[in-house]
Asks: 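Following this message is one structure expressed as structure tokens.
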Amino acid sequence: MNLRQDRSPNETDIRALYDALLEAYGPQNWWPGDGPFEVIVGAILTQNTSWTNVEKALEALKSAGLWSIGALHETPLDRLAGTIRSSGYYNQKARKLKTFAELVEAEYAGNLARFLALPLVDLRPELLAVWGIGEETADDIVLYAAGHASFVIDGYTRRIVDRLGWRVDGEAYGDYQALFSDRLPADARLFNEYHALIVRHAADVCRPTPVCEGCVLLATCPTGVERIRR
DNA sequence: TACCAGGTGACTG
DNA sequence: CAGTCACATGGT
């Protein structure tokens with residue numbers, strides 16, 4: 001949306017963004033969840049929802065004794081929905097949790113670790129086949145619960161990429177993902193930290209109305225330069 | 001008071 | 001395939 005000509009970033013640009021964010025904010029130590037089960041539930045509950053609202057719902061699930069695949073599977077939809085109320089879209093999300101639990105119960109004997117042990121090429125498609133799990137949620141789970149190098153693209157990532165004026169070959173999830181995946185080694189630790197840093201930067205600085213003064217990316221950001229000049 | 005938040009699926013042309 | 005809409009709470 002900036003007035004300059006977009007250009008495709010090269011490997012140096014992609015690495016420089018990571019280095020600048022890491023230098024500015026330090027390691028983020030994501031995912032903010034304790035173990036694969038919490039990562040998965042959190043990934044579903046945080047869809048288009050602030051993490052603070054999700055935290056309340058996670059605590060409510062624990063307090064209600066609904067902290068297992070089996071419990072999600074067996075608990076009536078209405079009770080589950082009421083328990084996760086604070087995360088918003090609670091009817092839809094309750095259905096999503098139950099649909100995922102149903103898969104693990106039916107195909108993996110309720111053994112989450114066994115499901116997550118699938119190779120990446122099988123795990124990601126299996127997740128995408130679950131009602132309520134789209135590309136970002138699948139990659140959250142693949143990366144932060146299973147530890148595979150699948151780069152996560154979210155609204156924050158798109159916003160930063162767009163403001164930096166980086167040309168993307170389309171608007172689809174995979175188009176943004178390729179921007180990073182094609183220019184980085186497939187390293188889960190790197191992808192993990194990179195996405196966490198993007199979230200940190202977008203939430204604190206590159207907000208809907210950006211706080212460009214003092215931004216560590218200002219020197220290379222057309223949007224920032226344009227805003228500061230006025 | 002609107003707007004925003006770590007999206008997804010259903011439906012339409 | 002791209003655009004539009006429903007889904008919903010809590011913080012600023």
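Per chain, numbering begins at 1; letters A, B, ... match sequence-line order.
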Asks: Round to the nearest Å and state the distance from K93(A) atom NZ to dA5(B) atom P.
Replies: 14 Å
Asks: Just by modelled atom types, is the V152(A) backbone N or O under 3.5 Å from a matching donor or acceptor in the Q177(A) side chain?
Replies: no
Asks: For T49(A) and for K56(A), find the nucleotide of DNA chain C with the closest heavy atom, then tell me which residue's nucleotide is more 5'.
Replies: T49(A)
Asks: Starting at the 5' end of nucleotides 8-13 of chain B, put B wherever the base has a protein heavy atom under 4.0 Å, S where only the sugar-phosphate does, and a dash everywhere else.
Replies: SSS---
Asks: With a distance cut-off below 6.0 Å to the six-membered ring centre and an angular limit of 45° from the axis, does R114(A) pair with Y108(A) as a cation-pi contact?
Replies: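 Judged by the rule (NZ or CZ under 6.0 Å from the ring centre, within 45° of its axis), R114(A) is not positioned above Y108(A).
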Asks: Is there a ring pair (Phe, Tyr, Trp, His ring centres under 6.0 Å) between F115(A) and F100(A) once you walk through the steps?
Replies: CA-CA 11 Å; F115(A) 172 65; F100(A) 175 73; 5.8 Å; yes
Asks: How many Å lie between CG on D204(A) and C1' on dC4(B), as a whole number?
Replies: 15 Å
Asks: Just the rounded figure in Å: distance from P of dA8(C) to CG of N48(A).
Replies: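 Answer to the nearest Å: 12 Å.
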Asks: Given 3.5 Å as the limit, does a donor-acceptor pair link the side chain of T49(A) with the main chain of Q47(A), or not?
Replies: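 Yes; judged by distance alone, with no hydrogens or angles, the pair exists.
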Asks: Nearest to the side chain of S86(A), which nucleotide is it out of dG7(B), dC4(B), dG10(C)?
Replies: dG10(C)
Asks: Taking all atoms of both residues into account, what is the closest heavy-atom pair of H201(A) and C215(A), and its distance?
Replies: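 Shortest heavy-atom separation between H201(A) and C215(A) comes out as CE1-SG, 3.5 Å.
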Asks: Round to the nearest Å and state the distance from E55(A) atom CD to dT9(C) atom C1'.
Replies: 15 Å
Asks: Of the non-hydrogen atoms in Y173(A) and F151(A), which two are nearest, and what is the gap between them?
Replies: OH-O, 3.7 Å
Asks: Determine the Euclidean distance between corresponding P atoms of dA2(B) and dA8(C); express it in Å to zero decimal places.
Replies: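 Comparing P positions in dA8(C) and dA2(B) gives a spacing of 22 Å.
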Asks: Taking 4.0 Å as the cut-off, does a side-chain nitrogen or oxygen of R159(A) come that near to OP1 or OP2 on dA5(B)?
Replies: yes
Asks: Rounded off to whole Å, could you give me the CZ-to-P distance for the R207(A) and dA2(B) pair?
Replies: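 Taking CZ of R207(A) and P of dA2(B), I get 20 Å after rounding.
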Asks: Roughly, in whole Å, what's the span from CG in L45(A) to C1' in dC7(C)?
Replies: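 The distance from CG of L45(A) to C1' of dC7(C) comes to 14 Å, rounded to the nearest Å.
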Asks: Determine the interatomic distance between P on dA6(C) and the same-named atom on dC3(B); round to the nearest Å.
Replies: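 Taking atom P in both dA6(C) and dC3(B), they lie 16 Å apart.
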Asks: Mapping Y90(A) and T52(A) to their closest nucleotides on DNA chain C, which lands nearer the 5' end?
Replies: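 Looking at DNA chain C, the more 5' nearest nucleotide goes with Y90(A).
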Asks: For the residue pair F180(A) and Y18(A), is the inter-centroid distance of their aromatic rings smaller than 6.0 Å?
Replies: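 Between Y18(A) and F180(A), which both carry aromatic rings, the centre distance is not below 6.0 Å.
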Asks: Using whole Å, what does the distance between atom P of nucleotide dC4(B) and atom OH of Y89(A) come to?
Replies: 13 Å
